[in-house]
Visitor: 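Structure incoming, see below.
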Amino acid sequence: MGAARVIYWFRTDLRLHDSPALHAALELKPEVLYPVWTWDPHYVYHARVSSNRWRYLLDCQADVDKRIKKLTGSNGLLVLRGNPLNVLKQALQDWKITHLVFEQDTDTYALSRDTQVRAMAEKLGVKVVSKLGRTLWDPIELNKVHGGKPVMTLAAVQKLGSQIGPVPRPIEAPTSLPSAGDTKLEAPKDEIQDAPDLNEPARGDGRVTSYDQVAGPNGDYSVPTMEEINIKPAEGPYRGGETLALEALEAYMADKKKTATFEKPKTNPGVFHPPETTLLSPHLHFGSLSIRTFYWRVMDVCKAYGSGASKPPASLEGQLLFRDMYFAAQCGIDNFEQTLGNAHCRYIPWRLLQEPDEEAEAWLEAWTHGRTGFPWIDAIMRQLRRDGWIHHLARHSVACFLTRGHCYIAWEKGAQVFEELLIDHETACNVGNWQWLSCTAFFSQYYRVYSPVAFGKKWDKSGALIREFVPELKNVPDKYIYEPWLMSKVDMKAAGCILGQDYPKRIFDEKEQAKVALAGMKEAYDAKLYGDSPQIGKTKSPESPVKSGKKRGQQSLDGFAKKAKIEPAEEHEANEA
DNA sequence: CTGCAGGTTGACAAC
DNA sequence: GGTTGTCAACCTGCA
């Protein structure tokens with residue numbers, strides 16, 4: 001039996017430190033190791049991604065590329081442009097690969113993609129190895145030991161997690177890597193499906209050239225540039241990559257008291273550049289920081305600190321446990337990313353869930369672009385758009401406002417905006433948190449409503465966040481900064497801000513609208529319907545959105561993925577012939 | 001079955 | 001200005 005020839009497929013794990021999958025690849029003692037990223041058109045066209053997040057991804061790739069080059073002394077990351085099923089099939093054959101190794105990914109699209117890739121590889125006689133590395137515990141196993149029910153409470157994560165066993169300690173980054181062999185590839189002619197192009201808002205004017213060649217414009221599989229992928233320049237201040245991730249972790253952990261006594265609800269959503277929280281979530285998303293490295297650094301600091309350390313759910317450990325909870329819920333619930341067909345999501349007849357509604361469309365548009373006339377809400381939404389990151393409680397505040405608190409608009413609409421704009425967007429966490437805030441799952445105390453005026457004021461009396469992100473209100477006195485509609489004509493003139501001209505009038509009276517929304521929530525709770533209740537289908541038009549493929553797909557979140565058609569390899573061969 | 005405690009992070013008024 | 005009770009009352013998990 002010859003030596004192993006390995007493709008290491010990077011996806012959710014753009015790092016070299018504590019990578020169980022990479023470790024498994026190296027344990028095969030391969031004679032050649034091809035570190036591959038597949039530039040998947042699904043993400044380029046069928047997922048919402050802002051310029052900020054595209055740049056963050058490229059940052060992570062560039063950093064891993066540099067690290068790999070250092071260890072191999074030759075090649076870096078090989079970015080193969082094309083549908084992973086097709087390019088990997090070609091690479092497995094042309095490079096005489098014996099093992100395909102990657103980190104387990106339980107996202108909806110990823111599960112279906114990996115199932116197909118696995119089948120394709122095994123058919124070619126290639127061994128497929130996948131390892132857990134993205135969560136503290138295996139989300140599938142968490143649900144299994146929960147009796148097959150999806151894990152949806154933090155207490156359950158703690159209990160079942162400790163039953164499964166302690167989180168493994170992180171493993172060191174390799175000190176050397178085998179080089180890749182010959183990288184010549186008989187590039188398959190990929191049919192790139194670019195419709196629907198959900199990334200259109202981030203794209204520049206030029207043509208997408210990413211898929212002209214499988215090896216990229218220089219023929220060397222180099223990490224793409226923003227120009228090459230034709231994405232507009234990113235405006236935000238936050239950059240990605242393993243090097244920055246590890247530095248940021250150490251910088252935060254250096255303050256032992258802050259780390260050990262961390263309580264999320266006590267961190268200030270009005271503080272920015274830098275925020276009071278760790279800002280490590282985007283690194284977790286791209287895998288440029290290992291979750292286990294983060295977890296054990298926190299646990300060790302807390303242990304050394306002693307009895308004064310904070311505890312879950314508010315503590316840093318608690319934040320990481322929530323993440324595991326959402327991953328478990330996502331892979332344990334059918335149609336997790338939407339209301340319809342989701343047995344664990346309360347059915348609420350949200351505006352814009354199914355029926356057109358001009359007023360609600362206008363409110364959604366105003367919310368999306370920070371033009372609601374509520375300075376606190378608008379500041380957060382503009383911060384989200386410019387920087388790609390907002391504080392957790394700020395997310396709560398604007399999510400509550402759009403859904404159960406005031407606008408009574410379907411949570412999926414808001415989740416789509418977050419999906420596009422957040423640099424730390426994680427489908428499981430984003431969808432889960434939107435369900436939480438909209439009181440459709442996880443949480444149900446709908447009478448606790450965040451005020452668009454009082455909540456911000458509590459943290460930030462003089463409105464620094466508003467003055468930064470809503471400059472038209474810069475000179476409004478503190479007294480009116482959260483409620484500019486209280487200004488007289490004279491006040492407006494003095495502040496250089498005429499309402500309805502320089503800054504919008506509020507879209508509604510928030511106290512009145514909160515009453516309307518609360519009454520709606522009460523009625524919806526009394527009805528006790530869930531996303532899979534048969535009554536829902538019956539009350540709607542016969543052209544039920546649950547069944548109709550294309551239109552629904554365009555509207556849904558990552559769940560679109562599972563409906564996106566990935567051509568079986570055989571069909572492609574037939575097409576090419 | 002019932003009852004009850006607890007639930008990451010509310011708002012507001014009254015003291 | 002910081003603490004406390006009320007608002008109107010949800011869910012899950014466990015005894």
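Lettering of chains follows the sequences in order, A, B, ..., and the numbering in each one begins at 1.
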Visitor: Would A:H17 and A:S290 satisfy side chain to side chain donor-acceptor pair (under 3.5 Å), going step by step from the backbone distance to the final call?
Guide: CA-CA 7 Å; A:H17 74 279; A:S290 156; 4.8 Å; no

Visitor: Show me the donor-acceptor pairs within less than 3.5 Å that the side chains of residues 157-165 of chain A make with the rest of the protein, sequence neighbours left out.
Guide:
residue: A:S162; atom: OG; partner: A:Q158; partner atom: O; Å: 3.3
residue: A:S162; atom: OG; partner: A:K159; partner atom: O; Å: 2.9

Visitor: Hey, does A:A314 reach any base, or is it just sugar-phosphate, or nothing, if we go heavy atoms under 4.0 Å?
Guide: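 Answer is base: heavy atoms of A:A314 come under 4.0 Å of a base.
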
Visitor: Near DNA chain B, which residues from residues 392-406 of chain A have a heavy atom under 4.0 Å away?
Guide: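 The answer is A:H392, A:L393, A:H396.
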
Visitor: Do A:Y408 and A:D357 have side chains that approach each other closer than 4.5 Å (heavy atoms only, starting at C-beta)?
Guide: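 A:Y408 does not reach A:D357 side chain to side chain.
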
Visitor: Heavy atoms only, 4.0 Å cut-off, all strands: where does A:Q319 land among base, sugar-phosphate and nothing?
Guide: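 Base, at least one base heavy atom under 4.0 Å.
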
Visitor: Please determine whether side chain to side chain donor-acceptor pair (under 3.5 Å) holds for the pair A:T339 and A:E412, giving the CA-CA distance in whole Å, both sets of side-chain angles, and the decisive distance to 0.1 Å.
Guide: CA-CA 8 Å; A:T339 298; A:E412 287 100 319; 3.0 Å; yes

Visitor: Could you go step by step and tell me if A:N433 and A:H392 meet the side chain to side chain donor-acceptor pair (under 3.5 Å) rule?
Guide: CA-CA 10 Å; A:N433 276 316; A:H392 187 67; 5.0 Å; no

Visitor: Within the structure shown, what part of the strands sits under 4.0 Å from A:W459 by heavy-atom distance: base, sugar-phosphate, or nothing?
Guide: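 Nothing: the residue A:W459, judged by heavy atoms under 4.0 Å, touches no strand.
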
Visitor: Expressed in whole Å, how much space separates the P atoms belonging to B:dA5 and C:dA8?
Guide: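 These two P atoms come out 22 Å apart once rounded.
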
Visitor: Per the side chain to side chain donor-acceptor pair (under 3.5 Å) rule, what does the pair list look like for residues 464-480 of chain A, sequence neighbours excluded?
Guide: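 Checked against side chain to side chain donor-acceptor pair (under 3.5 Å) - neighbours excluded - the pairs reaching residues 464-480 of chain A are A:R382-A:E472, A:R386-A:E468, A:R467-A:D478, A:Y480-A:D491.
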
Visitor: Who passes side-chain hydrogen bond (donor to acceptor under 3.5 Å, both in side chains) against A:R53, sequence neighbours left out?
Guide: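 Listed in chain order: nothing, the list is empty.
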
Visitor: Check the phosphate of C:dC10 against A:R346, side-chain N and O only, distance under 4.0 Å to OP1 or OP2. Yes or no?
Guide: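 No, no such contact exists.
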
Visitor: What do the steps show when you test A:E510 against A:H406 for side chain to side chain donor-acceptor pair (under 3.5 Å), and what is the final call?
Guide: CA-CA 7 Å; A:E510 78 282 6; A:H406 297 86; over 6 Å; no

Visitor: Listed in order of residue number, which residues of residues 144-163 of chain A have a non-hydrogen atom at under 4.0 Å from DNA chain C?
Guide: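 Heavy-atom cutoff 4.0 Å gives A:T153, A:K159.
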
Visitor: Is there a side-chain contact (heavy atoms from CB on, under 4.5 Å) between A:R371 and A:E365? Walk through the geometry before answering.
Guide: CA-CA 8 Å; A:R371 293 194 294 260; A:E365 183 68 10; 4.0 Å; yes

Visitor: What's the spacing between A:D532 CG and A:N342 CG if we round to 0.5 Å?
Guide: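 Atom-to-atom, A:D532:CG and A:N342:CG are 7.5 Å apart.
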
Visitor: With under 30° as parallel and over 60° as perpendicular, where do the rings of A:F442 and A:W436 fit, or are they tilted in between?
Guide: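 Plane angle under 30°, so parallel.
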
Visitor: Taking atom C1' of C:dG13 as reference, at what distance in whole Å does atom CZ of A:F443 sit?
Guide: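 Answer to the nearest Å: 17 Å.
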
Visitor: Considering residues at least two apart in sequence or located in another chain, which fulfil the salt bridge (charged side-chain N to carboxylate O under 4.0 Å, His left out) criterion with A:E141?
Guide: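 Expected list: none.
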
Visitor: Just checking, is any N or O donor in the side chain of A:S310 or A:E263 under 3.5 Å from an acceptor N or O on the other one?
Guide: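 Side-chain D/A pair, A:S310 to A:E263: absent.
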
Visitor: Going by number, which of residues 266-283 of chain A have a non-hydrogen atom under 4.0 Å from DNA chain C?
Guide: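 Nothing qualifies; none.
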
Visitor: Using the C1' atom in both, what is the distance from B:dC1 to C:dC14, to the nearest Å?
Guide: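 Rounded to whole Å, the distance is 14 Å.
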
Visitor: Please list, one pair per line, the donor and acceptor atoms closer than 3.5 Å that link side chains of residues 448-455 of chain A to other protein atoms, with sequence neighbours excluded.
Guide:
residue: A:Y450; atom: OH; partner: A:H396; partner atom: ND1; Å: 3.0
residue: A:S451; atom: OG; partner: A:V453; partner atom: N; Å: 3.0
residue: A:S451; atom: OG; partner: A:A454; partner atom: N; Å: 2.9

Visitor: Give me the one residue out of A:F418, A:F336, A:W411 that meets ring pair (Phe, Tyr, Trp, His ring centres under 6.0 Å) with A:W434.
Guide: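 Between A:W434 and the candidates, ring pair (Phe, Tyr, Trp, His ring centres under 6.0 Å) is satisfied uniquely by A:F418.
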
Visitor: Got A:Q104 and A:R134 here, is their nearest side-chain heavy-atom distance under 4.5 Å?
Guide: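 The answer is no, as the side chains (C-beta and beyond) never meet within the 4.5 Å cut-off.
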
Visitor: Expressed as a whole number of Å, how far does the C1' atom of C:dA9 sit from that of B:dG6?
Guide: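 The same atom, C1', in both gives a distance of 14 Å.
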
Visitor: Between which residue ranges does DNA chain C form stems of three or more consecutive Watson-Crick or G-U wobble pairs, both distances under 3.5 Å?
Guide: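 Output for stems: B:2-7 with C:10-15, B:10-15 with C:2-7.
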
Visitor: Are A:N52 and A:D387 close enough that some pair of their side-chain heavy atoms sits under 4.5 Å apart?
Guide: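 They are not in side-chain contact.
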
Visitor: Can you name the one residue among A:R169, A:R297, A:R292 that meets salt bridge (charged side-chain N to carboxylate O under 4.0 Å, His left out) with A:D18?
Guide: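 So the option named by the test is A:R292.
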
Visitor: Quick one: side-chain hydrogen bond (donor to acceptor under 3.5 Å, both in side chains) partners of A:Y295, sequence neighbours excluded?
Guide: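 Testing A:Y295 for side-chain hydrogen bond (donor to acceptor under 3.5 Å, both in side chains), a comparison that skips the adjacent residues, returns none.
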
Visitor: Is there any protein nitrogen or oxygen under 3.5 Å from a nitrogen or oxygen in nucleotides 6-8 of chain C, and what are the pairs?
Guide:
none

Visitor: Pick base, sugar-phosphate or nothing for A:F455, based on heavy-atom distances below 4.0 Å to the nucleic acid.
Guide: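 The answer is sugar-phosphate, as A:F455 gets under 4.0 Å only of primed atoms, P, OP1 or OP2.
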
Visitor: May I have the distance from A:Y347 (atom OH) to C:dC11 (atom P), rounded to whole angstrom?
Guide: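 So the two atoms are 18 Å apart, to the nearest Å.
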
Visitor: Can you pull the contact range of chain A along DNA chain B, 5' to 3', using atoms under 4.0 angstrom from its heavy atoms?
Guide: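 In short, chain A contacts DNA chain B from B:dG7 to B:dC12.
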
